[in-house]
Amino acid sequence: GENVEQHPSTLSVQEGDSAVIKCTYSDSASNYFPWYKQELGKGPQLIIDIRSNVGEKKDQRIAVTLNKTAKHFSLHITETQPEDSAVYFCAASKEAGTALIFGKGTTLSVSS
Amino acid sequence: DVKVTQSSRYLVKRTGEKVFLECVQDMDHENMFWYRQDPGLGLRLIYFSYDVKMKEKGDIPEGYSVSREKKERFSLILESASTNQTSMYLCASSLTSGANVLTFGAGSRLTVL
């Protein structure tokens with residue numbers, strides 16, 4: 001089955017710096033790659049996603065890139081703010097409606 | 001807004017007890033999922049369901065069962081709770097059509113003594 005590896009497990013940055021989280025996946029049939037953010041005491045929430053027919057997608061300060069050949073995708077957060085501090089999860093799945101397989105998560109701390 | 005409600009935020013049970021974790025969603029989603037979250041292990045899929053009375057095993061189904069008698073409700077059952085089932089349990093739902101976007105509940109933190 002699918003296996004998703006996520007790095008780093010923890011990341012500390014200064015406010016205003018950029019943060020990058022990387023994931024690799026094992027199943028070449030996977031074609032949907034979302035990123036979820038989990039704040040303390042809450043369930044994860046989708047922040048951005050990308051499909052295999054697209055190489056990059058941006059939404060304000062966050063962007064995701066996908067390299068299907070290498071089977072890896074990354075989350076980029078620019079101009080980080082303290083409210084970006086949370087646990088971030090990457091995930092992969094083969095098609096809409098199928099179960100997502102998640103990475104182990106990255107705890108991002110942004111200090112002011 | 002889609003809402004996924006997990007009835008219990010915190011539960012404390014004893015070893016051997018039967019435990020029910022309830023999850024209800026209010027937006028007519030076909031798919032429902034139970035994940036377990038542990039520090040350093042991320043989110044691991046226990047069971048999922050694509051339709052009423054239908055269930056599929058995820059990556060870690062041992063020690064768990066599920067029930068989906070109605071479209072909006074998906075229950076996770078621990079037949080005989082053990083201490084290694086102490087964890088945060090997250091329920092999620094999604095539509096079959098379109099994007100595979102999961103909406104999560106706030107979680108149920110279970111402690112088994």
Side-chain angles (χ1 to χ4, degrees), chain A residues 1-10 21-27 29-54 57 59 64 75 86-108, chain B residues 1-10 21 23-25 28-51 54-61 66 74 88-109:
Chain A
E2 176 65 278
N3 182 51
V4 178
E5 299 281 344
Q6 182 172 347
H7 299 280
S9 56
T10 60
I21 303 170
K22 298 182 179 182
C23 288
T24 61
Y25 61 98
S26 60
D27 190 342
S30 290
N31 60 9
Y32 176 66
F33 308 94
W35 287 87
Y36 283 76
K37 175 184 180 182
Q38 185 179 29
E39 297 175 334
L40 206 59
K42 297 183 179 180
Q45 279 197 302
L46 178 73
I47 55 172
I48 194 167
D49 56 11
I50 192 167
R51 298 189 182 277
S52 60
N53 57 348
V54 175
K57 184 177 178 182
D59 183 4
V64 57
L75 178 71
V87 181
Y88 291 82
F89 292 98
C90 63
S93 73
K94 291 182 188 180
E95 59 195 39
T98 59
L100 288 175
I101 302 302
F102 285 85
K104 293 182 178 180
T106 297
T107 301
L108 173 64
Chain B
D1 263 6
V2 177
K3 222 174 182 180
V4 178
T5 303
Q6 295 183 233
S7 55
S8 303
R9 289 299 306 270
Y10 301 95
L21 299 180
C23 175
V24 177
Q25 50 93 6
D28 206 33
H29 281 183
E30 296 91 354
N31 310 315
M32 297 189 75
F33 307 84
W34 276 105
Y35 286 88
R36 170 176 171 160
Q37 182 175 12
D38 299 288
L41 297 178
L43 303 175
R44 293 180 292 166
L45 181 65
I46 305 172
Y47 267 97
F48 57 102
S49 169
Y50 293 146
D51 202 351
M54 176 269 174
K55 61 184 178 184
E56 292 281 351
K57 292 181 180 180
D59 296 323
I60 53 164
V66 290
F74 193 35
M88 171 69 82
Y89 291 88
L90 290 164
C91 175
S93 70
S94 71
L95 282 169
T96 295
S97 60
N100 193 12
V101 177
L102 296 188
T103 300
F104 281 89
S108 298
R109 182 164 293 284

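Convention: sequence-line order gives letters A, B, ...; per-chain numbering from 1. Scope of the values below: all heavy atoms of this structure, side chains included, with no hydrogens, waters or symmetry mates. Please read these numbers as outputs of a predicted model, since none were measured by experiment.
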- Item | Inter- and intrachain pairs under salt bridge (charged side-chain N to carboxylate O under 4.0 Å, His left out), touching residues 41-50 of chain B, at least two apart | B:D38-B:R44
- Query: Between A:S26 and A:E2, is any side-chain donor less than 3.5 angstrom from a side-chain acceptor?
  - Reply: yes
- Item | Engaged part of B:R9 at the chain A interface, taking heavy atoms whose separation is under 4.5 Å | side chain
- What is the ring orientation for B:F48 with B:F33, classed by angle as parallel under 30°, tilted 30 to 60°, or perpendicular over 60°? parallel
- Query: Is it the side chain or the backbone of B:Q37 that comes within 4.5 Å of chain A heavy atoms, both, or neither?
  - Reply: side chain
- Query: Using 30° and 60° as the class limits, which term best fits the ring planes of A:F102 and B:Y35: parallel, tilted or perpendicular?
  - Reply: perpendicular
- For the student: nearest non-hydrogen atoms of B:L102 and A:Y36, plus distance: N-OH, 2.9 Å
- Message: Looking only at heavy atoms and a cut-off of under 4.5 Å, which of A:G41, A:G105, A:S9 has the most pairs with chain B?
- Response: A:G41
- Note on the structure: Bottom line for A:Q45: the part with an atom under 4.5 Å from chain B's heavy atoms is neither
- Note on the structure: Cut-off 4.5 Å, heavy atoms of chain A, and the answer for B:L45 is side chain
- Note on the structure: Nearest heavy-atom contact between A:I47 and A:L75 is CD1-CD2, 4.1 Å
- Item | B:L90 portion near chain A, given a 4.5 angstrom heavy-atom threshold | side chain
- Apply ring pair (Phe, Tyr, Trp, His ring centres under 6.0 Å) to A:F89 and list each qualifying residue two or more places apart in sequence or on a separate chain. none
- Heavy-atom pair count under 4.5 Å with chain B, highest-scoring of A:L100, A:V4, A:L46: A:L100
- Among the options B:A92, B:G107, B:G40, pick out the one with the most heavy-atom pairs lying under 4.5 Å from chain A. B:G40
- Non-hydrogen atoms of chain B under 4.5 Å away: do they reach the side chain of A:P34, the backbone, both or neither? neither
